[in-house]
Amino acid sequence: MKKLFKRSLALCLALAMMLSTAACSGGDENNVQDGDSGNSESVSESVGESQNEEQQGTVDDAAAGDYELGHWVFAEDPEAVTGEVRFYIPFKGDQGMDDMIAEFNETYPNVSIELNTYSNGSEGNVAVNAAIMAGEVDVLASFGLNQTYKRWEGGMFLPLTDYIEQYGIDILQEWGSDKYIYDGVYYTFPCGGLGNYIAINMTDWNNAGLGELPTEWTWDEYLDACRKMTQVNSNGEVEVYGGSDYSSINYYTYPWYQVYGHDQYYAEDGTASNFSDPLIVNALQREINAEQVEKIWYPLTTYRADGSSAAGVFLQHYTSSVIVCNLLRFLRDQETYPVDWITGFAPYPVEEKGQTNYMEGIPIYSHAGICTGVQNEEAAWYWLAWYSTYGVKYLVNAGHASAWKGTDPSSIVDLVFGSREEAEKLVDLESFERVVTNYDAEAYIDTYLWAYSDLASICNEYGMYAHQGTMSVEEAMAAAQQEADKLIQEAME
């Protein structure tokens with residue numbers, strides 16, 4: 001095995017960057033704006049250029065050859081690979097990680113994987129970055145594009161170029177996108193996904209007489225269902241909200257993903273922000289109206305005040321439905337969240353009937369790479385290769401998903417629930433397999449990184465101003481647009 005050149009860490013740069021950005025990092029471990037993407041003036045053109053046209057269909061075009069997925073993953077003699085790998089990921093052993101490591105050791109019995117669980121909030125990411133700089137991390141699963149970008153920029157990962165060339169790895173065919181590259185170099189594999197969908201309490205749905213679960217629906221149709229499922233007591237107080245947006249502030253920008261398929265904070269060409277676009281303005285107004293005027297959605301202000309999660313609110317029956325991305329981690333924990341209903345699933349709503357729904361698929365969310373302080377690079381490589389392909393399916397038990405194109409969707413039910421019989425005690429299997437494990441559907445992608453973390457902060461700040469009534473929706477988004485455009489232009493200079 002040819003040893004790769006190990007870059008020394010840019011210690012001062014990375015440490016200064018971590019400390020300066022920790023304060024503006026989000027605390028939700030499933031929220032893409034956690035952490036900070038850093039100054040993107042050095043982003044490769046393959047990330048920064050507009051590629052809405054390129055994004056779709058490229059895998060099928062490339063697949064015309066005889067490329068075999070995962071052909072490069074296994075060592076010729078797996079038993080000869082020895083050593084220990086210190087692996088950091090935000091999930092615990094009982095969230096699928098112990099089972100994942102056990103399967104790996106069936107092939108690599110002489111490699112010990114030391115599981116280290118970190119928090120994917122701002123403090124946890126600062127701590128794991130410090131551990132990388134101290135040489136304590138061999139392989140890192142990095143969650144959220146901006147956290148990953150910061151680590152590319154800070155020199156925290158080894159380049160994977162030599163491995164990719166040596167084994168003929170096709171990033172596009174393996175994971176569906178070859179856009180996650182920094183200065184022309186791949187430092188991580190884009191192996192983890194995170195889909196969004198609507199979870200529905202089927203008892204409430206049926207009691208409201210809503211019929212079959214939709215295979216496609218508009219926002220108007222979803223809101224009408226929420227009205228019918230909202231339960232009000234004799235005093236006029238809401239006891240169960242009919243629905244809810246996800247608990248992160250920035251979800252009012254996700255309709256942009258649904259319509260355009262990329263870049264929730266940027267206009268089509270990436271040279272300006274999109275905050276004052278009618279699509280974003282209307283989405284934010286719709287959210288506030290559902291929460292504060294009609295009172296059919298669980299309020300974002302309550303989420304932010306008490307730190308509750310969308311999955312937790314749904315499973316405690318404060319809502320009859322919820323837009324969510326990580327429900328399975330909590331749904332399978334029946335000790336903490338016992339439920340007496342079946343959960344059904346529907347796709348994220350569209351603005352207009354017949355639109356391509358780029359929120360329907362499973363977009364890339366997490367990345368994995370070998371850290372610069374790695375102690376046993378050979379063992380680390382084979383763990384990274386296996387985790388990023390055959391192993392990443394276990395993320396489903398933590399509420400996430402595999403982005404590897406070789407993942408068999410039919411294996412997910414048994415992996416999460418143990419069997420189809422056990423699954424049927426908790427979920428409507430038809431809608432679960434159609435919606436939650438829809439690996440064939442179109443998915444959005446982020447392609448612009450100009451001042452990315454700053455735009456995420458602006459999105460949150462002015463979104464909350466609108467929710468709190470400090471500014472009108474139009475005023476908040478106009479101010480956000482002005483501030484964001486200035487930062488984008490400065491980053492592009």
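Keep in mind it's a predicted model, so treat the numbers as computed, not measured.
- Considering NZ of Lys425 and CD of Gln334, their distance stands at 10.5 Å, rounded to 0.5 Å.
- Gln258 places a side-chain heavy atom less than 4.5 Å from the side chain of Glu351.
- Contact of the Leu300 side chain with the Glu291 side chain is registered, since non-hydrogen atoms from C-beta on lie closer than 4.5 Å.
- The ring of Trp341 has its center closer than 6.0 angstrom to the ring center of His317.
- How far CG of Leu328 is from CG of Asp333: 12.5 Å, rounded to the nearest 0.5 Å.
- Looking at heavy atoms from C-beta onward, Glu174 lies out of side-chain contact with Lys405 at the 4.5 angstrom threshold.
- Taking the side chain as every heavy atom from C-beta outward, Val139 and Val374 never approach each other to under 4.5 Å.
- Taking the six-membered ring for Trp and thresholds of 30 and 60 degrees, Tyr254 and Tyr444 have ring planes more than 60 degrees apart, a perpendicular arrangement.
- Counting heavy atoms from C-beta on, the side chains of Cys325 and Tyr197 never come closer than 4.5 Å.
- Between Phe91 and Phe143, the angle of the ring planes goes over 60°, which puts this pair in the perpendicular group of the 30/60° scheme.
- Asn196 has its side chain within reach of Tyr251: a pair of non-hydrogen atoms, C-beta onward, lies under 4.5 Å apart.
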Between Val322 and Val313, is the side-chain contact (heavy atoms from CB on, under 4.5 Å) condition met? List the steps. CA-CA 9 Å; Val322 66; Val313 161; over 6 Å; no
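- You'll find the ring centres of Tyr241 and Trp297 outside the 6.0 Å limit.
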Go through Arg434 and Glu360 one step at a time and tell me if the salt bridge (charged side-chain N to carboxylate O under 4.0 Å, His left out) criterion holds. CA-CA 10 Å; Arg434 172 169 47 82; Glu360 196 170 8; over 6 Å; no
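- Applying the side chain to side chain donor-acceptor pair (under 3.5 Å) test between Asp446 and each of Tyr257, Tyr265, Tyr266 identifies Tyr257 as the sole match.
- Residue Ser142 forms a side chain to side chain donor-acceptor pair (under 3.5 Å) with just one option from Lys150, Gln147, Arg151, and that option is Arg151.
- At least one side-chain heavy atom of Ile458 sits under 4.5 Å from a side-chain heavy atom of Phe275.
- Of the N and O atoms on the side chains of Ser402 and Tyr439, not one donor lies less than 3.5 Å from an acceptor on the other residue.
- Thr188 has its side chain within reach of Thr148: a pair of non-hydrogen atoms, C-beta onward, lies under 4.5 Å apart.
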